[in-house]
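All residue numbers refer to positions in the sequence shown, counting from 1.
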Amino acid sequence: EKTQPLAGERRASRPSRCETMFARKAAVELSKNGLRRGQQTRSVSGLLEGYGDLVFKGAVAEPHLAKQGLAADTLTTEWTKDPATAEKVAAAALEWATENDATNYTHVFQPLGASGVRHGLAGSVHNNIWKYDLDGKPTWDLKGKDILKGETDGSSYPNGGLRGTHRAGGYLAADATSPIYLRGDTICVPSCFVSYYGDALDEKTPLLRSVDAINAQGTRLLKLLGYEVSGVTTNIGLEQEFFLVPRDAFLRRPDLMLAGRTIMGADAPRGQEMCDHYMAALSHATPALECIQAAQQECYRLGIPLRTRHREVAPNQYEVAPFFGTATTQIDQNIVVMQVIEETAAQFGLAALFQEKPFNNVNGSGKHNNWSIGTKDGVNLLNVKQIAQASGSTDIFPIVMAGLISAVDLHGDLMRMAIASPGNDFRLGACEAPPAIVSTYLGEDMTTYLSKFAEGVDAPYEPATKMLDTGIAAMPPLEVPAEDRNRTSPFPYGGHRFEFRAVGSAQNVSLVNTVLNSISADAFKRIADAIEAGEDPKAVAQTLLKTHLPKVVFNGDNYDEANQAMLTERGVWRIDSGVDAMCRYTDPKNTALFEGLGVLTAAECASRQTVNLEHYVGTVEVEAKCFIDMIHQHVVPSLKAADLPTADVAAAADTVDAALLAIHAEEDLVTKANLARTLRLETMVDLRAPIDAAEKRCPANLWTLATYTELLFLDQTNAGAANGSTDYSD
C-alpha cells in the first residue's frame with residue numbers, strides 16, 4: 001500500500017491557513033497605524049480565482065478524481081453506495097486536503113434542539129488523517145470507510161426519548177447530496193445522524209427523506225400529466241438577518257451572552273422610527289462592513305455565493321443572502337454562514353446576534369425561506385412560461401398550484417409548527433413578521449387566473465405590467481409588475497417561488513423545508529391517486545381550487561386586526577402560542593402524513609415534540625436565571641449607589657424565582673412549557689418595566705449594564721475606529 005509522507009510541498013500559489021491568519025493580523029496592525037482599512041482585502045481577480053477552492057466538487061475535485069480513475073461527475077452520483085468508488089473518492093479528497101494543509105476530518109451533523117444555543121448549529125468530532133507505522137512514523141491515511149460512516153456517543157444529544165443512556169450508539173452516514181468542504185485544518189463531511197435502531201436523531205435525515213418523497217410523488221404526478229422527467233427537487237434561497245454589536249458592550253450583558261436577547265433594558269432615545277438604517281450606506285468608519293466583507297470572502301472560498309449584503313431596518317441590523325440552490329446544500333451552507341459570521345465578528349471586535357428578538361421595541365431578525373420546485377433538468381414548476389414550454393402543456397402549472405394551495409390550507413398547522421421557536425414568540429405579528437395565521441398571497445392576477453381555471457375557462461396566465469414614469473426627462477419609463485409586494489403574508493407567491501417569511505433567524509431551516517416538501521408531496525400524491533383512480537386531472541385540480549383557494553388565499557393586509565379576525569373566522573390555521581404549535585407534531589393527521597411518506601415515524605414525531613418543548617423550557621430557564629442574576633449583581637447595586645429605591649426591583653427577582661420553582665415542580669412537559677411561556681411573555685415582560693424605568697433615572701456612570709445606546713449605534717459610538725485606535729482582534 002502506497003502512503004504519502006506527512007511532510008509535503010505546498011502549492012506556492014495559495015497561502016496556508018497560518019499565513020492567512022498572520023496576514024489578517026498584520027492588516028489589523030496596519031489599520032491601527034493609520035492606513036485605511038479595506039486596502040488589505042484580496043483583489044477581485046484573486047477572489048474570483050479562489051472561489052470554491054475549499055469545496056471538493058467540480059473543477060476543484062476533477063484532477064484529483066482523475067488520478068484515481070474516476071469520472072468528473074462521480075460526486076454527482078450515488079457514490080456513497082459503492083465502497084470501491086468511495087475508497088477512490090477518499091484518496092482523491094485526501095490528496096486535495098493535504099495540499100490545503102488539512103490534518104483532520106469530521107462528520108458534520110445537525111443535532112436536534114440546537115437553535116439559539118449551539119455554536120454553529122452542528123455537531124462534529126475531529127480525527128487525524130494519519131496513522132503510525134510500526135517504527136512510529138506518521139503517514140497520511142483516509143479510507144473510504146472513514147468517510148462513509150462514523151460512530152459516536154449519542155447519549156448527550158437531545159433525542160426526546162428515542163434512546164436511553166444504556167443505548168447510546170449514534171451513527172453517522174455521509175450525505176452524497178452535499179459536498180465535502182474544508183474549514184481550517186479539517187475535512188468536513190456533511191452527514192446524517194441516526195440511532196442504533198435507525199431513528200433519526202438529527203434535522204437532516206427527515207429533510208433528505210422529504211426530498212425523496214417530493215421527488216417520487218412529483219415525478220409520478222408529472223408522468224401522469226404527460227411530462228416525463230428525470231426527477232423533481234426543491235430549491236431554496238435564504239435571506240439571513242442578524243445584528244452586529246460592539247463586543248465590549250456585549251460582554252457587559254449577561255443576558256445577551258447566555259440567552260441571546262436582552263431581557264431588560266430601557267429604549268434608547270432613538271430607535272428605528274426615522275427609518276434611517278434600512279439600506280443606508282455601509283459605513284467605512286466602523287468595523288461592521290469589513291467584518292461582513294471578511295465573512296463573504298471566507299464563504300466565497302467555501303463555494304457559498306453570498307451575493308447580497310445590506311443594512312436592515314433596526315440599528316446595527318444587517319442581511320446577507322446567497323443565490324438559490326438545492327435545499328440540502330443551501331441549509332448546510334447557511335449553517336456555515338452563521339458560524340463564519342459569528343466567528344468573524346469576534347475578530348473585528350463585534351458580536352453577531354442571530355436570536356430573533358434581541359432588543360425590545362426594534363425589529364427582530366428573520367430568515368426568509370424562498371422555496372421553489374423544479375425538475376432535475378432545471379425546469380421551474382412554478383414558472384408558468386417555463387413549464388408550459390418544456391412540457392407542451394398549459395395545464396401542469398395550475399394543477400401544481402392547486403396542490404400547493406390545498407397543502408397550505410390542510411397543513412397550515414405544520415407550517416406554523418415549523419417556525420415555532422422561543423425567539424419567534426416575540427417576533428410574529430409585530431409588524432416585522434407575518435402573524436401566526438397561515439394564509440398565502442397570490443396577487444390578483446394569479447388569483448383571477450386560477451379562479452377562472454377552476455371554472456373551466458382556458459385562458460393563459462398573462463401577468464400585467466405597467467409603465468412607471470419617474471417624471472425625469474433624462475430617464476426612460478420603467479416597466480414594473482402591476483401588483484405590489486405583500487410583505488404581510490406568511491407565504492406569498494413571488495413569481496416563480498413562494499417566500500416563507502415567518503421563519504426565524506436563529507433556526508436551522510431543515511424542519512421548515514421538511515414540512516414544505518412533505519405537505520407538497522402529500523398534495524401531489526392525492527392528485528396522482530385520483531388520476532390513477534380514473535378522474536380527470538383538470539377536474540381534480542378544479543375541485544381543489546374551488547375548495548381551498550377562497551379560504552386560504554388572502555391578498556390583503558395581514559397586519560390589520562380586522563383582517564386577522566376575518567381569516568380566523570374563515571377557518572384559516574391560527575395558532576398564536578408557540579407551545580401549542582409545537583404540539584401539532586403528534587396530531588394524528590400529521591403523524592399519518594409523515595408516516596405515509598416515509599419522512600418520520602410516529603415515535604420520531606413524538607421525540608421531536610419533546611425536544612422542542614424541552615428546548616423552549618430550557619431557553620426560558622436561562623432567561624429567568626439571567627434576569628435574577630442581573631437584578632442582584634447589577635441593577636440593585638447600581639440603584640443603591642445612586643440612592644434610588646430597590647424594593648420593587650428586588651421583589652421582581654423573587655417573583656421570577658418562585659415561578660421557576662413552580663416550573664421545576666411540574667412533571668407534565670406540556671404544562672411545564674405553558675408555565676414557561678407565561679413567565680417569559682407575561683410575568684417577565686411586566687417585571688422589566690420598573691427596571692427599565694429605574695435605568696433611565698440612574699446616572700450613566702453608575703449603571704453597570706451596557707445600554708441600548710451603547711449596543712445599537714455603531715455609527716455614532718465607534719468613531720475611534722476611523723483613525724485606527726480600535727483593535728479588532730479579541
**Q** Any idea how Y196 and Y171 line up, ring-wise: parallel (<30°), tilted (30 to 60°), or perpendicular (>60°)?
**A** tilted
**Q** Looking only at the side chains, is there a donor atom on one of Q347 and E343 sitting less than 3.5 Å from an acceptor on the other?
**A** no
**Q** Thinking salt bridges, do D413 and R416 make one under a 4.0 Å N-O criterion?
**A** no
**Q** Say you draw a straight line from CD of E203 to CG of N508; how long is it, rounded to the nearest 0.5 Å?
**A** 4.5 Å
**Q** Tell me whether E614 is salt-bridged to K672, with the criterion being a basic N under 4.0 Å from an acidic carboxylate O.
**A** no
**Q** For T262 versus P358, what's the shortest heavy-atom pair and its separation?
**A** OG1-O, 2.7 Å
**Q** Mind checking side-chain contact (heavy atoms from CB on, under 4.5 Å) for S178 and listing every partner two or more places apart, or none if nothing turns up?
**A** D175, P190, K204, T329, D332
**Q** Using a 6.0 Å distance limit plus a 45 degree cone around the ring axis, check whether R247 lies over the aromatic ring of F348.
**A** no
**Q** Please determine if R427 and D425 form a salt bridge, counting it only when a charged side-chain N lies under 4.0 Å from a carboxylate O.
**A** no
**Q** Could you check whether R209 pairs with E604 (Lys NZ or Arg NE/NH1/NH2 to Asp/Glu carboxylate O, under 4.0 Å)?
**A** yes
**Q** Tell me whether the rings of F354 and F242 are parallel (<30°), tilted (30 to 60°) or perpendicular (>60°).
**A** tilted
**Q** Do the charged groups of D255 and R253 touch, with an N to O distance under 4.0 Å?
**A** yes
**Q** Among residues at least two apart in sequence or on other chains, which ones pass ring pair (Phe, Tyr, Trp, His ring centres under 6.0 Å) with F359?
**A** F243, Y708
**Q** First locate atom OG1 of T655, then atom CZ of F627, and finally report the distance between them rounded to the nearest 0.5 Å.
**A** 8.5 Å
**Q** Could you list the donor-acceptor pairs under 3.5 angstrom formed by side chains in residues 658-667, with sequence neighbours left out?
**A**
unit_1, atom_1, unit_2, atom_2, d
H664, NE2, E621, OE2, 3.0
E666, OE2, D668, N, 3.0

**Q** Of E312, K367, E319, which is the lone residue that meets side-chain contact (heavy atoms from CB on, under 4.5 Å) with E239?
**A** E319
